[in-house]
Amino acid sequence: MRIDLHTHSAVSDGTDSPAELVATAAAAGLDVVALTDHDTTAGWAAAAAARPAGLTIVPGMELSCRYFPAGEPPISVHLLAYLFDPLHPAFAEERVRLREERLTRGERIVTALAADGYPVEWAQIVARSDGGVVGRPHIARALVDAGVVDSVDAAFATVLHHRSPYYAAKADTDVLDGIRLVRAAGGVPVFAHGLATSRGRVVGDDAIAEMAAAGLLGVEVDHPDHTADQRAYLRALAAGLGLLRTGSSDYHGSNKRTPIAACTTEPDQFEELLAAGTGVPVVTG
Ligand code: AMP
Ligand code: FE
Ligand code: FE
Ligand code: ZN
């Protein structure tokens, strides 16, 4: 059994359509794939409709969150959510708020870049996202297309870096509230790439314990942005807190270089995750 529990389609900031993504998953030899677009469930139906024989699709999402350490600025954290009720009103409402927040924040970044002469235009970036959830990768693509940088990676390393003067933060969900919302909607909350320092400041063990007390059920241990030491550390921490451990690629199509199935989840951990969620994966023969 090969199981990848974290992937993005063009419904958020990946480049494969949901149908292409499930085809890519099957071609890579995966038995199970979770679709976890940022702050939206809009790709679930198209992924299910295009399911190749033998592939199990787990409906999921990656919720944009923040952790608030006492007396320090908030830390951006991502919360994976699986097998929840997409119609749970409070959770659905929070996703709408996050998507609107992404639009105003993206526009702020692009307006600041344009004011300094970068040849990017917000309306064009929104149009190219084709109704998808806009993120920095869309701005990065526009910078590549305009010839400002030669890759999405280069854009993230420079003007779109979280320490760039052009960077703008989003008012993301308090992660403790996010965990409670996912649980209220019957889902399984899993802390995504928790020690990925390339993305900015990371939380301490105390925060993860606080998250566990709020209802967190799992930790993403094997992730391309984690070193071997970080994986070992998180694996032990998760075991100590009684949390399940996942592994996943965080595939974004050609927006990132990581291939699908680059990291995978152990079957026993997947079974635990299935048992903990009220939703059902899309399976058949
Ligand atoms: P945002 O959610 O708008 O703040 O943008 C962050 C998103 O960009 C995350 O989903 C990351 O996976 C993605 N990202 C971060 N670094 C890179 C990179 N070097 N290339 C492509 N995507 C990236
Ligand atoms: Fe992303
Ligand atoms: Fe993430
Ligand atoms: Zn992701």
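Predicted model only: the values in this text are computed from it and were never measured.
- Contact record, Ile260 with Ala28: CG2-CB, 3.5 Å, taken as the closest heavy-atom pair.
- Aromatic ring centroids of His193 and His226 lie 6.0 Å or more apart.
- Put simply, the side chain of Cys65 does not reach to within 4.5 Å of the side chain of Asp174, judged on heavy atoms.
- Under a cut-off of 6.0 angstrom, the local environment of CZ in Arg97 is crowded, with over 12 non-hydrogen atoms contributed by other residues, nucleotides or ligands.
- In plain terms, the two heavy atoms of Thr264 and Leu30 that are nearest each other are CG2-CD2, 4.4 Å.
- Qualifying salt bridge (charged side-chain N to carboxylate O under 4.0 Å, His left out) partners for Arg2, counting only residues two or more places apart in sequence or in other chains: none.
- Here the side chain of Arg108 pairs no donor or acceptor atom with the backbone of Ala168 at under 3.5 angstrom.
- The cationic group of Arg231 does not satisfy the cation-pi geometry with Tyr233, failing either the under 6.0 Å distance to the six-membered ring centre or the 45° limit from the ring axis.
- Between Asp222 and Arg235 there is a salt bridge, since at least one side-chain N of the basic residue sits less than 4.0 Å from a carboxylate O of the acidic one.
- Between Pro18 and Ala47, the shortest heavy-atom contact is CB-N, 3.8 Å.
- Hydrophobic clustering (side-chain heavy atoms under 4.5 Å, transitive across Ile, Leu, Val, Met, Phe, Trp, Tyr) keeps Val282 apart from Ile3.
- Looking at Thr36, its side chain never comes within 3.5 Å of a backbone N or O of Met61 through a donor-acceptor pair.
- Inspection of the Ser9 and Asp37 side chains reveals an N or O donor paired with an N or O acceptor under 3.5 Å.
- For the pair Val203/Val77, a side-chain contact is recorded, criterion being any heavy-atom separation below 4.5 Å from C-beta on.
- Under the 4.5 Å side-chain heavy-atom criterion for Ile, Leu, Val, Met, Phe, Trp and Tyr, Leu160 and Val126 are members of the same hydrophobic cluster.
- Side-chain atoms of Gln230 come within 3.5 Å of backbone N or O of Thr227 as a donor-acceptor pair.
- Counted by atom type alone, Asp116 and Tyr166 present one or more donor-acceptor pairs between their side chains at under 3.5 Å.
- Under the 4.0 Å criterion applied to side-chain N and carboxylate O atoms, Arg66 and Asp172 are not assigned as salt-bridge partners.
- Between the NE2 atom in His252 and the NE2 atom in His8 there is a gap of 4.0 Å [rounded to 0.5 Å].
- Judged purely by atom type and a 3.5 angstrom limit, Gln269 has no side-chain atom pairing as donor or acceptor with the backbone of Leu244.
- Across every non-hydrogen atom of Thr56 and Pro281, the tightest pair is CG2-CB, 3.8 Å.
- To the nearest 0.5 angstrom, Asp31 atom CG is 10.0 Å from Phe270 atom CZ.
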*Between Leu216 and Leu79, is a side chain to side chain contact (heavy atoms under 4.5 Å, CB included) present by the stated rule, with each step listed?*
CA-CA 9 Å; Leu216 185 73; Leu79 188 70; 3.7 Å; yes
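- Note that the CG atom of Leu273 and the OH atom of Tyr82 stand 6.5 Å from one another [nearest 0.5 Å].
- Taking CZ from Arg199 and OG from Ser76, the interatomic distance works out to 8.5 Å, rounded to the nearest 0.5 Å.
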*Take Val133 and Asp13, measure what side chain to side chain contact (heavy atoms under 4.5 Å, CB included) needs, and give me the verdict at the end.*
CA-CA 7 Å; Val133 175; Asp13 58 2; over 6 Å; no
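- In this structure, the side chains of Glu107 and Leu103 stay at 4.5 Å or more apart for every pair of heavy atoms.
- Across Leu87 and Asp85, no two heavy atoms sit closer than the pair N-OD1, 2.8 Å.
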_side chain to side chain contact (heavy atoms under 4.5 Å, CB included) between His38 and His78, worked out_ = CA-CA 9 Å; His38 296 285; His78 287 176; 4.2 Å; yes
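- In this structure the side chain of Val219 never reaches within 4.5 angstrom of the side chain of Val190, judged on heavy atoms.
- A donor-acceptor contact closer than 3.5 angstrom links the side chains of His223 and Asp250.
- Within the 4.5 Å cutoff, the side chain of Ser64 has no heavy atoms near those of the Thr173 side chain.
- The distance from the CG atom of Asp177 to the CG atom of Leu63 is 10.5 Å, given to the nearest 0.5 Å.
- A donor-acceptor pair shorter than 3.5 Å cannot be found between the side chains of Thr246 and Glu220.
- Taking the salt bridge (charged side-chain N to carboxylate O under 4.0 Å, His left out) definition, one finds that Asp205 meets it with nothing, sequence neighbours left out.
- A side-chain donor from one of Ser249 and Asp4 sits under 3.5 Å from a side-chain acceptor of the other.
- Residue-environment remark: CD (Glu272) exceeds the threshold of 12 foreign heavy atoms within 6.0 Å.
- Here the closest non-hydrogen pair linking Pro189 and Arg183 is CD-CD, 3.5 Å.
- No side-chain heavy atom of Pro59 sits under 4.5 Å from any side-chain heavy atom of Thr41.
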*Tell me, with the steps shown, if Asp153 and Lys256 meet salt bridge (Lys or Arg N to Asp or Glu O under 4.0 Å).*
CA-CA 8 Å; Asp153 273 347; Lys256 281 193 181 175; over 6 Å; no
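- Each of Arg99, Glu93, Glu94 was compared with Val96 under the side chain to side chain contact (heavy atoms under 4.5 Å, CB included) criterion, and only Arg99 meets it.
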*Check the pair Asp145 / Arg128 against salt bridge (Lys or Arg N to Asp or Glu O under 4.0 Å), numbers first and verdict last.*
CA-CA 12 Å; Asp145 292 348; Arg128 274 207 59 187; 2.3 Å; yes
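- Proximity of a side-chain donor or acceptor of Arg95 to a complementary backbone N or O of Pro86 within less than 3.5 Å is detected.
- Counting heavy atoms of neighbouring residues, nucleotides and ligands inside a 6.0 Å radius, atom CD of Glu271 exceeds 12 of them.
- Leu5 and Leu243 fall into different hydrophobic clusters, where Ile, Leu, Val, Met, Phe, Trp and Tyr residues are linked whenever their side-chain heavy atoms come under 4.5 Å apart, directly or through other members.
- Here the side chain of His161 pairs no donor or acceptor atom with the backbone of Thr158 at under 3.5 angstrom.
- Here Trp44 and Phe84 bring their ring centres to under 6.0 angstrom of each other.
- Here the CD-OH distance, from Glu72 to Tyr67, works out to 9.5 Å after rounding to the nearest 0.5 Å.
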